[in-house]
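Input: a single structure, listed below in structure tokens.
Residues: numbered from 1 along the sequence shown.
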Amino acid sequence: MRISKTTLAAQGATSGFVLLWGSAAIFTRLGLDNASPLALLIVRFAIALTALSIIGGLRKTLLPAKRTRVRVALTGLMLIGGYSVCYFRAMSDGVTPGAIATIMGIQPILTLCLTERRLQGMRLCGLLIALAGLVLMVWQSLIASRLPFSGVACALAALGFMTFGTIMQKKNRQSPAEILPMQYGISLLLCLFLLPTETVHLRLNAAFITSALFLGVLISVVAQLLFYRLLSAGSIVNVTSLFYLVPVITAVLDYLLLGNRLPWSGIAGMTAILLGIMLVFRAPQKPQRIAS
């Protein structure tokens, strides 16, 4: 069977996005060990904005179309700025990565309920199986979590920002390279505005620089560009369901790089996630309520 170049490109984009996004947690932890959340985000967003401005300068398109700028800015404020600030604040307030991952795991199900005209059994079943697998993978982290009210509130806010920001971004038909500079610019301004609310510290060492460059270039630019292209080309539910694969990639990298083995519950959870994602992608797509 002959595979078209378009199919190979789509598979490559999907694999690249999942691999990069899955490795982000390790470098985020490395960065937060050497800086406060807002300090890390400011450096990360500044690096991303610089790289995207260079790309935009070469393309001679630094700004989106005039009639869309308000919507683009609001989308970036939710999907990039608001989500990142709330996610990092939840971690700094003591919510464990496993608890945050479980809360964020509700997003594909919430997206399905908000965007599908009629809920489809196979897709919903696949998402629920993947969510159950996610809980199994992070079970030890869930047990250890203190779930402070402020941290849970930030994690729920991150869930809302990511869900509605993704739905808004799906409506945008412009090239990702045209809209991301404005979105990272507004997100950087948000972090600077919030700076007085946090005790800022930063250790400028090799670990922090490595973390900031990886997050600023490979995650905020490359992975975000891939994410936007996947959104524009495919089903929003299918694309958001890929986030269930993030802890799988993180666990594999954690074993390969740090030698930390998964318990049997984690292996069972990983299997359930893969099975659930297969069901989501095998189900025929239904019409969505998203307007252009």
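- Side-chain contact check for Arg89 versus Thr197: some heavy-atom pair is nearer than 4.5 Å.
- By the rule that hydrophobic residues join a cluster once side-chain heavy atoms approach within less than 4.5 Å of another member, Leu156 and Phe149 end up as members of separate clusters.
- Across Gly16 and Leu226, no two heavy atoms sit closer than the pair C-CD1, 3.9 Å.
- Proximity of Leu41 to Leu188: side-chain heavy atoms (C-beta onward) are nowhere separated by under 4.5 Å.
- To the nearest 0.5 Å, the span separating CG on Leu204 from CD1 on Ile209 amounts to 4.5 Å.
- Checking Arg173 against Ser232 by side-chain atom types alone, no donor-acceptor pair falls below 3.5 Å.
- Of the possible polar contacts, one joining the Thr271 side chain to the Ile267 backbone as a donor-acceptor pair under 3.5 Å is found.
- Put simply, Leu19 and Leu274 are part of the same group of oily side chains (I, L, V, M, F, W, Y) that touch within less than 4.5 Å, one to the next.
- Inter-residue side-chain proximity for Ile47 and Val217 is flagged as met; some heavy-atom pair is nearer than 4.5 Å.
- The side-chain heavy atoms of Val43 and Phe208, taken from C-beta on, include a pair separated by under 4.5 Å.
- Of the possible donor and acceptor atoms, one in the side chain of Gln174 sits under 3.5 Å from a partner among the backbone N and O of Ala65.
- Across all their heavy atoms, Ala90 and Gly151 have their closest contact at CB-O, 3.5 Å.
- Note: Ser241 OG to Gln107 CD = 10.0 Å, rounded to the nearest 0.5 Å.
- Counting heavy atoms from C-beta on, the side chains of Lys170 and Tyr228 never come closer than 4.5 Å.
- Under a hydrophobic-cluster definition in which Ile, Leu, Val, Met, Phe, Trp and Tyr are linked whenever side-chain heavy atoms come within less than 4.5 Å, directly or via other members, Val221 and Leu58 are assigned to different clusters.
- Between the side chain of Arg59 and the backbone N or O of Glu178, no donor-acceptor pair lies under 3.5 Å.
- The heavy-atom pair separating Ala46 from Thr50 by the smallest distance is O-OG1, 2.8 Å.
- Scanning both residues, Gly269 and Leu136, for their nearest heavy atoms gives CA-CB, 3.7 Å.
- Between Leu190 and Val85, the closest heavy-atom pair is CD2-CG2, 4.3 Å.
- For Tyr83, the ring-ring contact (aromatic ring centres under 6.0 Å, His included) partners are Tyr87, not counting sequence neighbours.
- Glu198 contributes atom CD, which lies 4.0 Å from atom OG of Ser36 (distance to the nearest 0.5 angstrom).
- In this structure, the separation between CD1 on Ile236 and OG1 on Thr163 is 9.0 Å, given to the nearest 0.5 Å.
- A donor-acceptor pair is defined here as one N or O able to donate and one able to accept, closer than 3.5 Å; no such pair exists between the side chain of Ser211 and the backbone of Leu30.
- No side-chain heavy atom of Met168 sits less than 4.5 Å from a side-chain heavy atom of Leu79.
- The side-chain heavy atoms of Phe88 and Leu32, taken from C-beta on, include a pair separated by under 4.5 Å.
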**OP:** Test side-chain contact (heavy atoms from CB on, under 4.5 Å) on Asn34 and His201 and set out the steps.
**Re:** CA-CA 8 Å; Asn34 293 280; His201 69 273; over 6 Å; no

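- Side-chain contact between Leu213 and Leu218 is absent, with no heavy atoms from C-beta onward closer than 4.5 Å.
- With hydrophobic clusters built from ILVMFWY side chains whose heavy atoms lie under 4.5 angstrom apart, Ile54 does not share a cluster with Phe214.
- Residue Pro176 comes nearest to Leu225 through the heavy atom pair CB-CD2, 3.6 Å, listed as atom of the first residue, atom of the second, then distance.
- If you chain together hydrophobic residues whose side chains sit under 4.5 Å apart, Ile55 and Leu62 never meet in one group.
- Considering OG1 of Thr75 and CG of Asn172, their distance stands at 7.0 Å, rounded to 0.5 Å.
- Taking CD of Gln224 as the reference point, atom CZ of Arg229 lies at 12.5 Å (rounded to 0.5 Å).
- Side-chain atoms of Gln183 come within 3.5 Å of backbone N or O of Val72 as a donor-acceptor pair.
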Original post:
Please walk me through it: do Leu40 and Leu202 pass side-chain contact (heavy atoms from CB on, under 4.5 Å)?
Top reply: CA-CA 8 Å; Leu40 176 58; Leu202 188 154; over 6 Å; no

